[in-house]
Amino acid sequence: MLGDMTTASQQTLKNPIGCRGVGLHSGRKVTMTLLPAAPETGIVFRRTDAGAEIRASWVNTIESPRCTVLSNGEGITIGTVEHLMAALAGAEIDNVTVELDGPEVPIMDGSSAPFLFLIECAGVVEQDVARRAVKVLKPVRVVEDGATAALLPDHGFSMNLEIDFANPLIARQDICVVFDAATFKSELSRARTFGLLDEVDRLRAAGLGLGGSLDNVVMVSGDHVLNAGGLRYADEFVRHKLLDAFGDLYLAGGPIIGRFHGVRSGHAHTRHLLAALFADPEAWCYTSLGRATDLGALDRQDAMRLSGA
Ligand SMILES: [Zn+2]
């Protein structure tokens with residue numbers, strides 16, 4: 001997604017567009033509207049039912065067991081943002097306001113494809129300001145609970161991920177993806193959320209997965225899939241986990257130039273990885289993907305403020 005094949009200008013939507021669906025964990029019906037936004041706005045979520053706005057940044061995330069949750073620090077949260085964030089990252093949308101009338105982004109079919117379709121239907125326009133990427137300058141690593149997540153310096157953006165489940169169908173899968181403009185749509189966007197049938201009762205008892213069904217979750221029981229259509233990719237599980245990490249990484253505030261490496265990592269590890277990256281001023285810098293003059297005017301303090309770091 002970086003280099004010759006990417007846009008050098010910030011982008012937003014040409015027209016507003018919306019959809020309605022159910023929240024995976026809350027089980028609540030929610031209407032979502034994506035609205036065009038001015039350059040340098042970033043991705044901003046707006047809870048119309050609660051009168052709150054929360055910027056999509058790693059600094060606004062909170063600990064949550066199953067999905068990525070943004071919080072305004074005053075009790076207003078927005079859950080399950082990762083699949084929408086992945087679609088926005090894949091479509092290279094820098095500026096958009098996401099209106100919701102409930103506490104969770106609708107799960108749709110469990111993948112990013114419906115969101116990508118919405119973005120394509122709305123249309124994408126370039127804005128007259130250079131895109132800003134976060135360039136990784138030295139390796140940063142988080143090792144927790146037998147999982148590893150790392151960012152390493154590289155010329156473009158690539159990701160590799162390994163998963164290892166104590167389930168005979170999922171088991172051990174790995175994937176390596178080098179991103180260009182078409183990669184996300186073809187290789188990752190259709191990969192759905194999955195769950196193990198054994199875990200459903202425990203999840204529901206914890207008040208999670210209340211909106212889950214075979215329409216939005218790949219349900220695995222032993223060595224087979226319960227969904228009538230089977231899998232969309234032979235290795236859909238690891239592709240979905242990569243989609244999650246891709247969406248979570250967009251909470252950096254822009255595209256990343258570097259290589260992501262994950263082993264059994266999940267939302268919390270990606271989140272802690274971004275915190276570790278931004279905690280070390282020598283580990284990253286901003287770089288303009290367009291005309292250098294736009295960023296030349298920014299000093300480091302401005303840059304830190306814009307990133308929320
Ligand atoms: Zn997911």
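Every heavy atom of this structure was used, including side-chain atoms; hydrogens, water molecules and symmetry mates were not. Nothing fancy with the numbering, it's 1 onward along the sequence. Whatever order the structure lists ligands and atoms in, that order sets their numbers, starting from 1. Just so it is clear, the model here is predicted, and its values are computed rather than measured.
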Practice problem: Please find out if the Zn ion (ligand 1) and some N, O or S atom of Cys67 are separated by less than 2.8 Å. | Solution: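 Given the 2.8 Å cut-off, Cys67 does not count as a ligand of the Zn ion (ligand 1).
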Quiz prompt | Whether Glu82 has an N, O or S atom under 2.8 Å from the Zn ion (ligand 1) | solution = no
Is it true that the side chains of [X] and [Y] contain a donor and an acceptor less than 3.5 Å apart?
X	Y	answer
His272	Glu63	yes
Asn60	Ser57	no
Gln10	Asn95	yes

Self-check item: Vertex the Zn ion (ligand 1), arms to His83 NE2 and His240 NE2, rounded to 10°
Solution: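 Output for this angle: 100°, rounded to tens.
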Quiz item: Got a donor-acceptor contact below 3.5 angstrom from the Asn167 side chain to the Ala171 backbone?
Solution: no
Quiz item: By atom name, which N, O or S atom of Asp244 is the nearest to the Zn ion (ligand 1)?
Solution: OD1
